[in-house]
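Just so you know, these numbers come straight off a predicted model, no measurement behind them.
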Amino acid sequence: MSCSDWHVLYADLGGLPFRQQPQTEGRQLFRKMEKIRFVLVGTGRISDWVLRGALEDRRFEAVGVCSRSEERAREFIDMHPSAFGPDAKIFTSIEDAAACPDVDAVYIGTPNSTHRDYALAALRAGKHVLCEKPMGLNESEVREMALVARENRCLLMEAMISTLLPVFREARRHIPKLGRLRHYSSSFCQYSSRYGDLLKGKVASSFNPELGGGALRDVGVYVTYPLVALFGYPDSVSSSMIRMTTPMGDVDIHGSALLSYGDMTANLVFSKCTDAFAPTEICGEEGNMLIDRIHISREACFLPHHAPTSGRGGYSAAQLIAEGLDHDEYYYEFKEFIDVLEEGRTESAINSLDVSLLNARLMDAIAKSARNV
């Protein structure tokens, strides 16, 4: 199908440009406002950030922490006295956490290379899994994780906040206003706080290729995932990357990709060694849409086309589509996760397993194309 028909597809399928997800009855049904008991796997910065957002949902309950270091787990619990009760549990293996009958779900916030093994252990024990992005290192890992989740009738969802935020969801509904889509442009470039260390030879996990680090999988996922969620998998992919050599091998620090959807093109830029501030833009024959930040969108607007003026005229006034957040940004991924469980489903209709699988395939293709340059 050509991209000339995407606007029709949105109207028919509510913005999801591939098959609708079956609503399978979950392993465990949760009553409205019943607490969902979570163990946080990992004690890094991301676990600290997501915990603050999760606590804004009254249905969330933190019952424990899983870390290879008992000392780090205890320190994490002590740092968040309002989040954990006096009986908070400490686990030093994912197997022990998954076997605990007082645990309903796990949040995985560990290095990318561990996501598959930790998720599989939890799913096979009947626990629901909210897995930090990227869900796996490649399409094969994500496919295996999705299969095990479906076999065990457990919820597995990628913790990608971008597509769950109210501004993005409202912007998605307005895409038909753009008419025939011709171009999509998005970048997420963020100068890493660990880049200075990398230049000195100290390799953090986010730059360690053995742990699945690098610009593509650490920050590039913020431009690939929304693209796939909106338009599906492209017809062709061409990319290039800038790499640095580390003792663990070469790691990508910056990259770009040009993709084709028939009669629509897309370009993506991602970086851990530069900043960028351009909004995400979707260009159609009837107008343009701007989303301020694809990572955490706080404003989206529509610019209808004005009469042609041979380049001498002005621009149409921007029409605000949506703005602002009512909660911490990480609240929305836990809200979606718990909503799905309360509704007795085993898959999010927004951050679906199909989207995660296609996104992993796209990141694989971008990496492969850059290697062939």
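- Outside the 6.0 Å centre-distance limit, the rings of F334 and Y330 are not counted as a close aromatic pair.
- Checking S356 against N359 by side-chain atom types alone, no donor-acceptor pair falls below 3.5 Å.
- Relative orientation of the H295 and F188 rings is perpendicular, given thresholds of 30° and 60° on the angle between their planes.
- For the side-chain hydrogen bond (donor to acceptor under 3.5 Å, both in side chains) test with S186, the passing option among T224, N267, T280 is T280; the others fail.
- Judged by distance alone, with hydrogens and angles left aside, the side-chain atoms of D292 form a donor-acceptor pair with the main-chain N or O of E299 at under 3.5 Å.
- Panel note: side chain N208, backbone E210; a donor-acceptor pair is recorded below 3.5 Å.
- In this model, a donor atom of one side chain and an acceptor atom of the other lie less than 3.5 Å apart for T163 and N351.
- For the residue pair E158 and Y225, no side-chain donor N or O sits within less than 3.5 Å of a side-chain acceptor on the partner.
- Checked against salt bridge (charged side-chain N to carboxylate O under 4.0 Å, His left out), R293 has no partners two or more places apart in sequence or in another chain.
- Counting only N and O atoms by type, the side chains of D57 and H327 include no donor and acceptor under 3.5 Å apart.
- By the 6.0 Å contact criterion, CZ on R68 is open, its count of non-hydrogen atoms from other residues, nucleotides or ligands being 12 or less.
- Within the cation-pi definition used here (under 6.0 Å to the ring centroid, within 45° of the axis), R194 does not qualify as a partner of F207.
- K35 forms no cation-pi arrangement with F60, by the criterion of a distance under 6.0 Å to the ring centre and an angle within 45° of the ring axis.
- Side-chain rings of Y332 and F337 stay apart, their centers remaining 6.0 Å or farther from each other.
- Side-chain polar atoms of S206 and D218 form no donor-acceptor pair below 3.5 angstrom.
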